[in-house]
Amino acid sequence: GSQDSLVLAYIVDDGVNPSYVEVAETPLGTRSFTFSNPPIISFWEGYAKPVIWTDSVDFPGWYTYLAAEGIFDSAVKNVNICAWVSQDYTATWSSQNTILGNTDAYEWIDPDGTYGTTLDRTFVGCFNGTDSNLYCMSSDDFGVTYNPEVAIGKLPGLPTSQAVNPEFA
């Protein structure tokens, strides 16, 4: 819950039940982890590839952001990008916000996120396996809602398989 914490996000998959995201937080220099689980949609097949980041530690109370792939139906490649926000140093999480996908048949994959201090915006980027484009979304309200996605486009001459896994900095 401070600048001196280590926060991890990972997938728990027992091979029987749907996979889910778990977050662990510990003060640096200790091995005393506190665990939390963002709310999930239980009838989905599971979750994958979580990413976690914070906004500016210059704020009196900073937020923690989490995005992951939400696998609705892997047989038809219906994968969504889901997002959560914690306002209390990962102790609790907002409800799941499906920011890309939901009922469309697209394969939204490989999310990444960052916080832009200039305009106080949160950004989430991902790859769309259906149309092979990179996309970006931004939030002006600290992850509560997101603006419509913007296609960044394909890089000329880059094979589709190598365009996956965008990194924001």
Side-chain angles (χ1 to χ4, degrees), residues 6-11 13 19-25 36-41 44-59 62-74 76-87 89-90 93-169:
L6 173 66
V7 181
L8 309 168
Y10 51 91
I11 297 297
D13 187 353
S19 59
Y20 60 93
V21 179
E22 186 166 80
V23 176
E25 183 268 337
S36 62
N37 299 105
I40 61 170
I41 299 176
W44 284 18
E45 288 183 16
Y47 295 80
K49 300 183 181 177
V51 293
I52 196 162
W53 68 98
T54 64
D55 57 23
S56 177
V57 294
D58 296 332
F59 293 154
W62 45 268
Y63 292 178
T64 307
Y65 302 92
L66 174 67
E69 292 178 2
I71 305 161
F72 180 75
D73 187 349
S74 61
V76 295
K77 296 186 177 181
N78 185 330
V79 181
N80 308 288
I81 301 299
C82 306
W84 301 265
V85 62
S86 173
Q87 298 179 9
Y89 309 109
T90 75
W93 293 91
S94 65
S95 297
Q96 176 178 306
N97 183 359
T98 305
I99 60 174
L100 281 170
N102 206 8
T103 58
D104 70 26
Y106 290 159
E107 183 184 27
W108 301 95
I109 56 175
D110 295 314
D112 195 23
T114 192
Y115 178 76
T117 57
T118 302
L119 298 172
D120 287 332
R121 283 196 179 138
T122 301
F123 296 91
V124 174
C126 71
F127 181 74
N128 184 312
T130 306
D131 70 6
S132 300
N133 273 304
L134 295 170
Y135 285 85
C136 178
M137 298 179 69
S138 65
S139 172
D140 300 320
D141 55 11
F142 301 97
V144 175
T145 61
Y146 281 83
N147 298 315
E149 70 272 9
V150 174
I152 298 171
K154 301 176 193 177
L155 298 175
L158 184 66
T160 300
S161 63
Q162 294 179 7
V164 178
N165 199 14
E167 297 285 332
F168 278 31

Worksheet entry | Result of checking V51, V21, V79 against E69 for side chain to side chain contact (heavy atoms under 4.5 Å, CB included) | V79

Worksheet item: Under the ring-ring contact (aromatic ring centres under 6.0 Å, His included) test, which residues partner W84, sequence neighbours left out?
Response: none

Discussion item. Side chain to side chain donor-acceptor pair (under 3.5 Å) for D55 and Y65? Distances and angles first, verdict last.
Written reply: CA-CA 8 Å; D55 57 23; Y65 302 92; 3.2 Å; yes

Fill in: Spacing of D112 atom CG and L134 atom CG [to the nearest 0.5 Å]
11.5 Å

Worksheet item: Just by distance, with hydrogens left out, do N147 and S138 show a side-chain donor and acceptor under 3.5 Å apart?
Response: yes

Worksheet, complete the sentence: The residue among F127, F72, Y135 that forms ring pair (Phe, Tyr, Trp, His ring centres under 6.0 Å) with W108 is Y135

Fill in: Nearest heavy-atom neighbours spanning P50 and A68
CA-CB, 3.9 Å

Worksheet item: Residues in side-chain contact (heavy atoms from CB on, under 4.5 Å) with N97, at least two apart?
Response: I99, Y146

Worksheet item: Distance from N78 atom CG to Y106 atom OH, nearest 0.5 Å?
Response: 11.5 Å

Worksheet item: Quick check: does any side chain N or O of T130 sit under 3.5 Å from a backbone N or O of E107, one acting as donor and the other as acceptor?
Response: yes

Fill in: Student check: side-chain heavy atoms of N133 and I152 closer than 4.5 Å
no

Worksheet entry | Beyond-backbone contact of W44 with D73, side-chain heavy atoms, under 4.5 angstrom | no

Discussion item. Under a 3.5 Å cutoff, is there a donor and acceptor pairing between the side chains of E25 and Y89?
Written reply: no

Item to complete: Could you tell me which non-hydrogen atom of G70 sits nearest to which non-hydrogen atom of C82, and how far apart they are?
Response: CA-SG, 3.8 Å

Worksheet item: Are any side-chain N or O atoms of N128 and backbone N or O atoms of S132, one a donor and one an acceptor, separated by less than 3.5 Å?
Response: no

Response to the item:
Sequence neighbours excluded, the answer for ring-ring contact (aromatic ring centres under 6.0 Å, His included) partners of W93 is none

Worksheet entry | Trace of the side chain to side chain contact (heavy atoms under 4.5 Å, CB included) decision for L100 with M137 | CA-CA 9 Å; L100 281 170; M137 298 179 69; 3.3 Å; yes

Practice prompt. List the atom of T122, the atom of G143, and the distance in Å for their closest heavy-atom pair.
Written response: OG1-N, 4.4 Å

Worksheet item: Taking S94 for the side chain and V85 for the main chain, is one N or O donor matched with an acceptor at less than 3.5 Å?
Response: yes

Item to complete: List the atom of S139, the atom of V144, and the distance in Å for their closest heavy-atom pair.
Response: OG-N, 3.9 Å

Practice prompt. Using distance alone, with no hydrogens and no angle criterion, decide if Q96 and Y47 have a side-chain donor and acceptor under 3.5 Å apart.
Written response: yes

Item to complete: Would you please test E45 and S74 for side chain to side chain donor-acceptor pair (under 3.5 Å) and show each step?
Response: CA-CA 8 Å; E45 288 183 16; S74 61; 2.7 Å; yes

Item to complete: Identify the heavy atoms of P111 and C126 that sit nearest to each other, and give their distance.
Response: CA-CB, 4.1 Å

Worksheet item: Where does the angle between the aromatic ring planes of F142 and Y63 fall among parallel (under 30°), tilted (30 to 60°) and perpendicular (over 60°)?
Response: perpendicular

Worksheet item: If we only count heavy atoms from C-beta on, is the V124 to C136 side-chain gap below 4.5 Å?
Response: no

